[in-house]
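Here is the structure we will look at.
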Amino acid sequence: MSDKLDKLPEESGPSGGWGSLKGIARIFGESWPSSPDVLRELERQNKPGGFMCASCAFPKPANYHPFEFCENGAKATLWEMTKSRHTPEFWDDHTVAELKDWPDHELEKTGRLTAPMRYDRASDRYVEVSWDEAFSEIGSIVKGLPKKEVVFYSSGHAGLEASYLWALMARAYGNNNLPQSSNMCHETTSVGLKKVIGSPVGTILWEDLEETDCFFFFGQNPGTNSPRFLHPLKAAKDRGAKIVTFNPVKEQGLVSFVDPQNLYDMARGHETKISDQYHQLKAGSDIAALTGLCKAVLEEDEKAQAQGRPEVVDWEFLKEHAINYDEFLTFCRTTSWEQITEECGLSEAELRQAADVYIHAQKVIGVYGMGLTQHAHGATNIGMLVNFLALRGNIGRKGAGCCPVRGHSNVQGQRTVGIAEKAKLIPMDKLRELYDFEPPQEDGFHIVDAAQAMLEGKVSATFSLGGNLVRALPDSDRIEEAWPKQKLTVMISTKLNRSHLYPGEVAYILPCLSRSEKDEQETGNQYVSVEDSFSMIHGSLGKGAPASDKLKSELAITCSIAKAICEPNPKLKWDEWVKDYSQVRDLIEATYPDDFRGFNERLNEPGGFWRGNPAHDRIWKTESGKLEFTTPSKLNALGFDDKPGRYRMITMRSNDQFNTTIYGYSDRFRGIEGTRDVLLMNKIDMADLGLEHGDPVVVHGDMDDGVARSKTGLKVVTFELPRGTVGGYYPECNVLVPVGLNDELSKTPGSKGVPVRIEKA
Ligand SMILES: Nc1nc2c(c(=O)[nH]1)N[C@H]1C(S)=C(S)[C@@H](COP(=O)(O)OP(=O)(O)OC[C@H]3O[C@@H](n4cnc5c(=O)[nH]c(N)nc54)[C@H](O)[C@@H]3O)O[C@H]1N2
Ligand SMILES: Nc1nc2c(c(=O)[nH]1)N[C@H]1C(S)=C(S)[C@@H](COP(=O)(O)OP(=O)(O)OC[C@H]3O[C@@H](n4cnc5c(=O)[nH]c(N)nc54)[C@H](O)[C@@H]3O)O[C@H]1N2
Ligand SMILES: [Mo]
């Protein structure tokens with residue numbers, strides 16, 4: 001792979017447009033889909049009766065486009081519909097040791113896994129086994145392990161039916177060790193947003209996107225991570241709405257967009273400007289910026305009151321709905337503009353300009369993503385955004401609200417149906433009543449607890465329903481060392497990934513169907529269902545030919561594992577449930593009647609059915625029964641102090657990856673081509689260190705925790721970033737993220753605020 005670092009990153013083109021079609025065409029060419037039906041499948045994507053995108057969780061509108069998918073959704077579908085097959089014969093020519101030198105992209109490119117395989121230590125290869133052998137050995141090993149040491153991880157792909165049974169299996173087995181990918185992601189939302197508004201999920205619906213006249217974006221990158229969002233954003237801009245963005249990185253998707261579905265715009269190259277203002281604040285400094293915004297709003301309110309104009313702050317809303325705002329307002333008044341601007345690197349004028357847009361908008365949506373959640377004080381970040389929205393009553397009102405943009409396609413839904421490590425979140429009485437067993441009452445492992453226990457040798461077995469933990473977790477070097485010390489690792493996967501290269505004493509790879517494939521069971525082809533970021537539930541039906549006739553569905557694999565490891569119980573009808581998934585939907589409804597009333601009947605409502613959200617209607621399920629203001633204890637969200645030579649590193653996603661799945665080496669929007677081994681840096685910071693564009697560097701972890709961390713093999717790239725903030729790609733830079741650097745409330749890893757030192761190699 002030759003990089004193209006001889007020249008500086010170029011000004012990139014708009015998001016969408018011809019570039020997005022080229023991006024799709026490249027994957028199409030590389031993976032030559034096995035079936036001529038592939039275009040028909042793409043056409044069915046995200047529509048009622050079709051299948052729901054396996055990429056992100058952005059909502060699917062009831063009034064869909066002819067092609068309701070984006071560049072990255074199409075890439076995800078084509079990537080899983082590849083004609084390449086990873087058959088057991090692959091291992092005739094390769095060993096695990098050899099594959100450790102392969103990049104992630106090459107591992108997944110070996111194709112769809114076709115048969116269950118077991119690791120053979122003597123030859124250092126995986127060999128095919130029968131499904132029965134696999135389940136029977138898994139059962140006999142797990143029965144001999146301490147219950148507390150068995151972990152049931154899930155990455156947010158699997159549908160609601162399989163996920164419900166996955167959680168039921170863990171509890172019937174005897175623990176709540178149900179960490180999920182959202183523990184590394186929007187756990188800050190699940191805990192932090194819940195604390196302040198009583199809802200662990202966003203408050204807006206599709207119609208609010210169509211009504212709003214203003215968006216404030218904090219640390220979310222729609223162009224890459226939720227490109228279908230660009231359509232309602234463009235529509236908003238076309239009707240005169242304003243968009244203000246806070247992000248250390250100038251992300252192309254938030255700068256301009258050409259709608260690839262609009263032939264007229266495509267032919268004319270008509271770009272829609274997305275952000276009216278773009279504020280490149282320092283990484284981790286949103287608390288300061290939001291304090292500035294709120295301070296400006298307050299000052300305007302005081303002026304308006306003095307001059308007898310209408311109030312700027314919605315005092316009525318605060319009095320009726322909120323508590324603790326006095327303390328916060330005092331904090332804003334007593335924090336000086338110097339403190340604020342020093343901390344975030346933006347000027348008072350810039351912050352006032354942004355506040356001015358806010359003050360003049362009637363309906364504001366606050367959007368956020370990993371830029372707020374993945375910090376040591378991520379929950380405070382979210383609390384601050386809620387303060388800001390609440391000042392003018394912008395929550396629980398049409399066209400206004402709080403919009404966390406979720407990651408994996410069913411990450412939110414998995415939590416809704418019981419994947420959670422905290423016992424108090426689960427209706428245990430219902431489980432007892434429905435299934436006649438005593439559910440475990442002790443909390444289980446959050447992913448960070450599981451990682452820490454793994455490092456201490458206290459995890460004996462991990463089951464992974466999707467995902468690639470060895471790569472996705474912080475401190476990935478240390479995890480690579482600890483992971484193989486487990487007695488058993490079982491990975492339910494579609495493609496080969498790095499986690500498979502660190503097999504436990506006994507290790508299985510169990511290959512499953514993907515969402516676009518036919519899931520034929522005794523009663524016919526089965527629907528599954530997912531929940532999107534707006535809490536809408538959608539049915540999804542795969543129709544494509546399975547990649548191999550040996551594949552099983554995630555639900556079928558879950559039921560077989562459950563049968564092998566749980567005590568027999570006539571109420572746990574694992575075999576019956578596989579025959580007809582609608583029975584599982586009935587059980588979900590019986591367990592969560594408020595959320596899933598009429599589940600089977602409502603499965604295919606266009607745009608999905610809404611499971612409701614009290615905060616949307618200004619009912620606050622918080623401890624106090626009110627919206628709770630947050631007063632921060634400091635002006636940044638970092639878990640360390642600044643000091644000379646220490647930089648704040650953000651770990652970032654390119655436009656050519658889905659988490660640890662690397663589609664290619666073209667980060668088109670950032671103008672970085674041919675490599676991911678880069679460190680992005682401000683040119684003045686580079687000059688300070690005597691670095692020139694393209695110089696090799698070593699990046700050292702700079703957390704004061706006694707652990708040495710370093711990443712070699714990176715080249716420095718001149719990039720427009722605030723001084724003191726540097727960027728590197730996830731997952732390559734995960735070796736630098738300390739496992740102990742987490743959000744104080746939710747334990748979400750601080751992947752956007754990692755302390756590092758930089759040295760010329
Ligand atoms: N194509 C594609 N789509 C995806 C994914 C993918 O990898 N590829 N991943 C999926 C998953 S699981 C998730 S969770 C979502 C993630 O989607 P996002 O939430 O958009 O996550 P990131 O791209 O990691 O980071 C978002 C933005 O935060 C900015 N940022 C970093 N630090 C800060 C900060 O301190 N303050 C502010 N204000 N901004 C900051 C970054 O520059 C970046 O633009 O996307 C999902 N969709
Ligand atoms: N430093 C840093 N670390 C991060 C992040 C970051 O921004 N910075 N982001 C974090 C976030 S937001 C997340 S969500 C996690 C992601 O962590 P994970 O969810 O664990 O990782 P993925 O890369 O999404 O998992 C990819 C693998 O899933 C399997 N797979 C794909 N499709 C399917 C399917 O349909 N079924 C099954 N069973 N398997 C499938 C394939 O084998 C593929 O190799 O990483 C986190 N780690
Ligand atoms: Mo995520």
Side-chain angles (χ1 to χ4, degrees), residues 54-58 70-73 75-76 79-80 104 107-108 113 153-158 162 180-186 217-227 245-251 253-254 279 281-286 289 368-375 381 404-409 411 447 464-469 471-474 476 491-500 509-515 554 557 636-638 648 650-661 663 725 727-734 736-737 748-749 751-754:
S55 188
C56 81
F58 197 72
C70 65
E71 172 179 356
N72 282 311
K75 279 186 190 171
W79 193 249
E80 74 179 28
D104 297 303
L107 294 176
E108 287 216 14
L113 296 160
Y153 172 68
S154 56
S155 143
H157 276 280
Q180 193 219 15
S181 55
S182 73
N183 292 163
M184 296 176 269
C185 171
H186 270 289
F217 268 83
F218 284 86
Q220 201 269 333
N221 182 14
T224 286
N225 297 324
S226 49
T245 297
F246 287 82
N247 193 318
V249 183
K250 197 99 168 249
E251 301 287 20
L254 285 160
H279 299 292
L281 78 181
K282 295 184 200 168
S285 70
D286 300 81
Y368 70 89
M370 299 299 98
L372 290 198
T373 65
Q374 292 180 331
H375 279 295
N381 275 339
V405 183
R406 293 275 171 163
H408 277 301
S409 56
V411 66
I447 197 67
S464 286
L465 181 56
N468 184 8
L469 271 185
R471 203 66 174 140
L473 277 170
S476 50
M491 304 226 20
I492 303 167
S493 311
T494 49
K495 296 258 185 106
L496 188 72
N497 65 42
R498 195 153 303 275
S499 299
H500 302 132
I509 303 176
L510 305 179
C512 66
L513 291 170
S514 72
R515 199 176 287 154
E554 289 171 318
I557 298 172
N636 70 47
L638 303 170
R648 306 170 179 189
I650 58 182
T651 51
M652 37 215 280
R653 295 170 153 77
S654 90
N655 184 53
D656 220 4
Q657 74 183 89
F658 190 90
N659 297 336
T660 69
T661 294
Y663 300 127
T725 297
Y729 285 118
Y730 145 67
E732 289 81 351
C733 289
N734 282 33
L736 297 168
V737 186
T748 306
S751 310
K752 299 290 188 267
V754 182

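As the structure lists them, so they are numbered: ligands from 1, and atoms in each ligand from 1. When reading the values below, keep in mind they use all heavy atoms of this one structure, side chains included, and skip hydrogens, waters and symmetry mates.
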Just going by heavy-atom distances, which of Arg648, Met370, Arg406 is nearest to atom 16 (C) of ligand 1? Met370
May I ask whether Cys512 has any heavy atom positioned less than 4.0 angstrom from an atom of ligand 2? yes
Residue, atom name and distance, where the atom is the protein heavy atom closest to atom 1 (N) of ligand 1: Thr224 O, 3.0 Å
Can you check whether Leu372 has an N/O within less than 3.5 Å of an N/O in ligand 1? no
Just let me know how Asp286 lines up against ligand 1, side chain, backbone, both or neither, with a heavy-atom cut-off below 4.0 Å. side chain
Can you name the atoms of ligand 2, numbered from 1 with element, that are less than 4.0 Å from a heavy atom of Ile492? 37 (C), 38 (N), 39 (N)
For Ser751, what residues pass the side chain to side chain contact (heavy atoms under 4.5 Å, CB included) criterion, not counting sequence neighbours? Gln374, Thr651, Val737, Pro749
Report the part of Asn497 (side chain from C-beta onward, or backbone N, CA, C, O) that has a heavy atom under 4.0 Å from ligand 2; answer both or neither where that applies. side chain
Is the shortest distance from a heavy atom of Arg653 to ligand 2 less than 4.0 Å? yes
Please confirm whether Glu251 comes within less than 3.5 Å of ligand 1 when only nitrogen or oxygen atoms on both sides are compared. yes
Any non-hydrogen atom of Arg515 lying under 4.0 Å from ligand 2? no
Heavy-atom proximity to atom 24 (O) of ligand 2, picking from His408, Met491, His157, Glu554, points to His408
Counting both backbone and side chain atoms, is some N or O of Ile650 under 3.5 Å from an N or O of ligand 1? no
So for Glu80, does at least one of its heavy atoms come nearer than 4.0 angstrom to any atom of ligand 2? no
Look at ligand 1 and say whether His375 reaches it with a heavy atom at a distance under 4.0 Å. yes
Closer than 4.0 Å to some heavy atom of Gln657 - which atoms of ligand 1 meet that? 1 (N), 2 (C), 6 (C), 7 (O), 8 (N)
Closest protein heavy atom to atom 41 (C) of ligand 1, given as residue, atom name and distance to 0.1 Å: Asn247 OD1, 3.6 Å
If you compare Ser514, Ala472, Ser181 by their heavy atoms, the one closest to atom 14 (S) of ligand 2 turns out to be Ser181
With sequence neighbours left out, what residues match Asn636 under side chain to side chain contact (heavy atoms under 4.5 Å, CB included)? Glu343, Lys634, Leu638, Arg648
In the protein, which heavy atom is nearest to atom 39 (N) of ligand 1, and how far is it? Gly219 CA, 3.2 Å
Answer yes or no: is there a donor N or O on one side and an acceptor on the other, between the side chain of Asn72 and the main chain of Thr224, under 3.5 Å? yes
Between ligand 1 and Thr651, is the shortest N or O to N or O distance under 3.5 Å? no
Selection from Gly467, Pro474, Ala158, Cys733 by shortest heavy-atom distance to atom 29 (C) of ligand 2: Gly467
